[in-house]
Each structure stands twice: as structure tokens, then as C-alpha cells.
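Written out below as C-alpha cells is the structure these notes cover.
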Amino acid sequence: MIEIKTVNDVVCVHGTPDGVKSGMSVYVFLTDGLLIDTGAQILLEGLIPFYESADFETVALTHYHEDHTGGAAWIKEHKKVPIFIHPMSVDACAKDAEYPEYRKMFWGKRDAFKAEPLGKAIHSRTQTWEPIFTPGHAKDHMVYLNHSTGMLFSGDLFVTPKTKLILREESVPIIIDSIKKLLRYDFGEVFCCHAGHVPDGKEMFRNKLDYLENLQGEILRLHDQGHTVHEIQQVVLPNRYPLIEISGHEWDSEHIITSILNENVLNARDNGTI
């Protein structure tokens, strides 16, 4: 299902795969001839009419995950426009993506496409956007900030103010660092690829940072008391979400804890305390 609305000159295209639970959805944004992300391949039947009629000449991808890049091959073939992504992911985009079967069921199969390496700026017709490197959710994650308007396209850096599950590849300490970096910039409204339009974006990012730092502190406190990862999980993140089992634990609250503890060990080694 595709829903389209316009908020402050941004066309917000919200796609939800048929037959999935609410919450499994993704946004594509279009403003001033600039398309942010391309949605999931499983949504293409609904997205193609929009892409055929939409007027854009540049695509900027926030990161390589299949729910953000699944429409890129079709766009490259039919619209003949440049598609930009962090330089580290250009080669990966040139190959059909490989990821677990459950993700293919959710989002479809991401075909190979030709991407261009991001430079220091992305230009829409009348505006300039700064790509800001914000890893943690994905190693190549970028957000796009318009300094003149304060508008921010945040990819998957925000999603929710209270993170309960993360992918195995994610790192909460790196996400914390990325949010701290972002908060040094002047921005207001946020367009998130899963939460949609977030009017009070900077305040919501502050809330997320507070939550993650408090969670990190509690996890480290319990670890210092001698508790195991499983015991800490039972205290701070006890809920067992269906996605944990569906994904074979690729998504799990445990990864929040282990990413924090692993970073703590690395810091201790760097500081010479272990």
C-alpha cells in the first residue's frame, strides 16, 4: 500500500508491504527535484506509478539497506538519473544484494544498480544539502541537512526515541556519537524514513540521546556488578518481540547490550586499564 502526502514542500511517499504488521513500512521523500531513498523492491508495483510521474533528476541514498535501495535499479534503468551513496557502498550496490530470507520476504530482493560516490554536497534545483556521516545503524549511513531551511532527512538514525531492538551489525555507542555530532548542527524538522515527518526533530533527537545514554549507563552499572548479558537483558530490555525469533536473532535487544559492552572493552584497552 502506498500513501502520498505533502508536508512543507516535501512529498512523503509511505509504503507498507501487503500482509505485514503495522510498523513494517518505509518512506521515500521528494523535494525540489531531489529523491531521498528509493523504498523496497517489494513495494515497486505501487511505487512505479509515482516514479513515472514524479519530476526528479537526482537520488540521494541514506544507506545501503534493502528497504532504502530496493527501487534504485528500476529508477536507474527507467529514469536515467544519478544515484548517490557513501563511497564505501558503491561496489556493493553494483551487485545483487545478499541478505537473509526473512528480509527478502519483508522487503523483496534488491537488484544491482550503478551508484555514484557522494561528494561534499548534494544539489537539488534551488537548494544545497550537506551529507553528514552518521554511522551506527549502518556503516555507510548518511543524513542530509539543508542549512538554509534547517530541514533534515535522517534516514534510519532516529526511527524511534526509545530503541528496543537493533541489528547485529549495529552499535549503540557509535549511534550515540553520531547523534551527538548531529546535534551540533542547527536543524528543526526531520523527515525519518520510518517515522515520517517529525516536526520537533532536534528535540526528539535529544530525547533519543538521553534514553540511549541512560540505558548505556544502566547496562554498564549492572555489568560492573557482575551480571551476565542475559541477566542484564532481563532487567533493562525484558520484552521478547516476535522479530527476534523471526530473524533468527539478527534483530535482538541483546545486541544493544553487547555493542555497549564491547565498546567499553575497546575503550578500556585504549586507555590501558586492561
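Other residues, nucleotides and ligands place no more than 12 heavy atoms under 6.0 Å from the CG atom of D9. The number of heavy-atom neighbours closer than 6.0 Å to NZ of K95, taken from other residues, nucleotides and ligands shown, is 12 or below. Residue E98 places its CD atom among 12 or fewer non-hydrogen atoms of other residues, nucleotides or ligands, all under 6.0 Å distant. Annotation for E45: atom CD does not count as buried by contact number, only 12 or fewer foreign heavy atoms lying within 6.0 Å. In the displayed structure, K109 atom NZ is contacted under 6.0 Å by at most 12 heavy atoms of other residues, nucleotides or ligands. Within a 6.0 Å radius of CG in D186, other residues, nucleotides and ligands contribute 12 heavy atoms or fewer.
For the side chain to side chain contact (heavy atoms under 4.5 Å, CB included) test with I232, the passing option among E254, H223, R221 is H223; the others fail. Of the listed residues (L237, I244, L243), just one forms a side chain to side chain contact (heavy atoms under 4.5 Å, CB included) with R240, and that residue is I244. Under the ring pair (Phe, Tyr, Trp, His ring centres under 6.0 Å) rule, F133 has a single partner from H86, H141, H63, which is H86.
Smallest separation of non-hydrogen atoms from I175 and L212: CG2-CD1, 3.9 Å. Nearest heavy-atom pair across A112 and R110 is CA-NH1, 3.6 Å. Across all their heavy atoms, L157 and S178 have their closest contact at CD1-CB, 4.1 Å. When all heavy atoms of M151 and V10 are compared, the closest pair comes out as SD-CG2, 3.5 Å. When all heavy atoms are compared, the tightest approach of S259 to S171 is CB-CA, 3.9 Å. Counting all heavy atoms, side chain and backbone alike, I85 lies closest to A115 at CG2-CB, 3.8 Å.
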Quiz prompt | Candidate pair Y211 and T160, rule side chain to side chain contact (heavy atoms under 4.5 Å, CB included), full reasoning | solution = CA-CA 11 Å; Y211 166 79; T160 176; over 6 Å; no
Self-check item: Chi angles and distances behind the side chain to side chain contact (heavy atoms under 4.5 Å, CB included) call for E66, K104
Solution: CA-CA 9 Å; E66 64 276 3; K104 293 176 183 177; over 6 Å; no
Practice problem: Mind running side chain to side chain contact (heavy atoms under 4.5 Å, CB included) on F84 and Y144 for me, showing each step along the way? | Solution: CA-CA 12 Å; F84 292 95; Y144 297 96; 5.5 Å; no
Quiz item: Stepwise, does the side chain to side chain contact (heavy atoms under 4.5 Å, CB included) test hold for I48 with H78?
Solution: CA-CA 10 Å; I48 285 172; H78 294 89; over 6 Å; no
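A heavy-atom distance below 4.5 Å is found between the side chains of R206 and E203. Two residues are said to be in side-chain contact when any heavy atoms from C-beta on lie closer than 4.5 Å; P17 and W107 meet this criterion. Side-chain contact between E101 and M105 is absent, with no heavy atoms from C-beta onward closer than 4.5 Å. Inter-residue side-chain proximity for T163 and V172 is flagged as unmet; no heavy-atom pair is nearer than 4.5 Å. Under the 4.5 Å side-chain criterion, counting only non-hydrogen atoms from C-beta, T69 is in contact with F113. Looking only at side-chain heavy atoms (C-beta outward), V28 and T38 stay at 4.5 Å or farther from each other. By the 4.5 Å heavy-atom criterion applied to side chains, H197 and K5 are not counted as neighbours. Counting heavy atoms from C-beta outward, K202 and L183 have side chains that approach closer than 4.5 Å.
For H255, the ring-ring contact (aromatic ring centres under 6.0 Å, His included) criterion is met by no residue, not counting sequence neighbours. Looking at residues two or more places apart in sequence or on another chain, you find a side chain to side chain contact (heavy atoms under 4.5 Å, CB included) between S154 and V143, L152, F158, V190, C192, F205. Listed by chain and number, the residues in a salt bridge (charged side-chain N to carboxylate O under 4.0 Å, His left out) with E77 amount to none (sequence neighbours excluded). Residues passing the ring-ring contact (aromatic ring centres under 6.0 Å, His included) test with Y241: none are found, sequence neighbours excluded. The side chain to side chain contact (heavy atoms under 4.5 Å, CB included) test applied to V235 returns L222, not counting sequence neighbours.
Comment: R125 engages E57 in a salt bridge, judged by a side-chain N to carboxylate O separation of less than 4.0 angstrom. Using a 4.0 Å cut-off between a side-chain N of Lys or Arg and a carboxylate O of Asp or Glu, K164 and D252 do not qualify as a salt bridge.
The distance from atom CD1 of I36 to atom CE of M142, rounded to the nearest 0.5 Å, is 11.0 Å. For the atom pair CD1 (I122) and CG (L145), the distance works out to 13.5 Å, reported to the nearest 0.5 Å. In this structure, E250 CD and R103 CZ are separated by 4.5 Å, a value rounded to the nearest 0.5 Å. Distance check: N214 CG to L209 CG gives 9.0 Å after rounding to the nearest 0.5 Å. For the atom pair OG1 (T134) and CG (D177), the distance works out to 12.0 Å, reported to the nearest 0.5 Å. The structure places CD1 of I256 at 11.0 Å from CG of L167, a figure rounded to the nearest 0.5 Å.
Both V59 and L43 are part of a single hydrophobic cluster, where members link through side-chain heavy atoms under 4.5 Å apart. Note on I246: it does not cluster hydrophobically with Y99, by side-chain heavy-atom contacts below 4.5 Å among ILVMFWY residues. Using a 4.5 Å cut-off between side-chain heavy atoms of Ile, Leu, Val, Met, Phe, Trp and Tyr, with links allowed through other members, V11 and W129 fall into different hydrophobic clusters. Y51 and V26 end up in the same hydrophobic cluster when Ile, Leu, Val, Met, Phe, Trp and Tyr side chains are linked at under 4.5 Å. When the side chains of ILVMFWY residues are joined at heavy-atom separations under 4.5 Å, either directly or via intervening members, M1 and L47 end up in two distinct hydrophobic clusters.
By the 30° and 60° cut-offs, the orientation of the rings of F29 relative to F191 is perpendicular. Taking the six-membered ring for Trp and thresholds of 30 and 60 degrees, H65 and H137 have ring planes more than 60 degrees apart, a perpendicular arrangement.
Checking side-chain atoms of E3 against main-chain N and O of H14 turns up no donor-acceptor pair under 3.5 Å.
Listed by first and then second residue, the side-chain hydrogen bond (donor to acceptor under 3.5 Å, both in side chains) pairs involving residues 27-37 are D32-S124, D32-T126, D37-T62, D37-H68 (not counting sequence neighbours).
Q127 and S148 share a side-chain donor-acceptor pair at under 3.5 Å. Judged purely by distance below 3.5 Å, without hydrogens or angles, the side chains of H123 and T58 never pair a donor atom with an acceptor atom.
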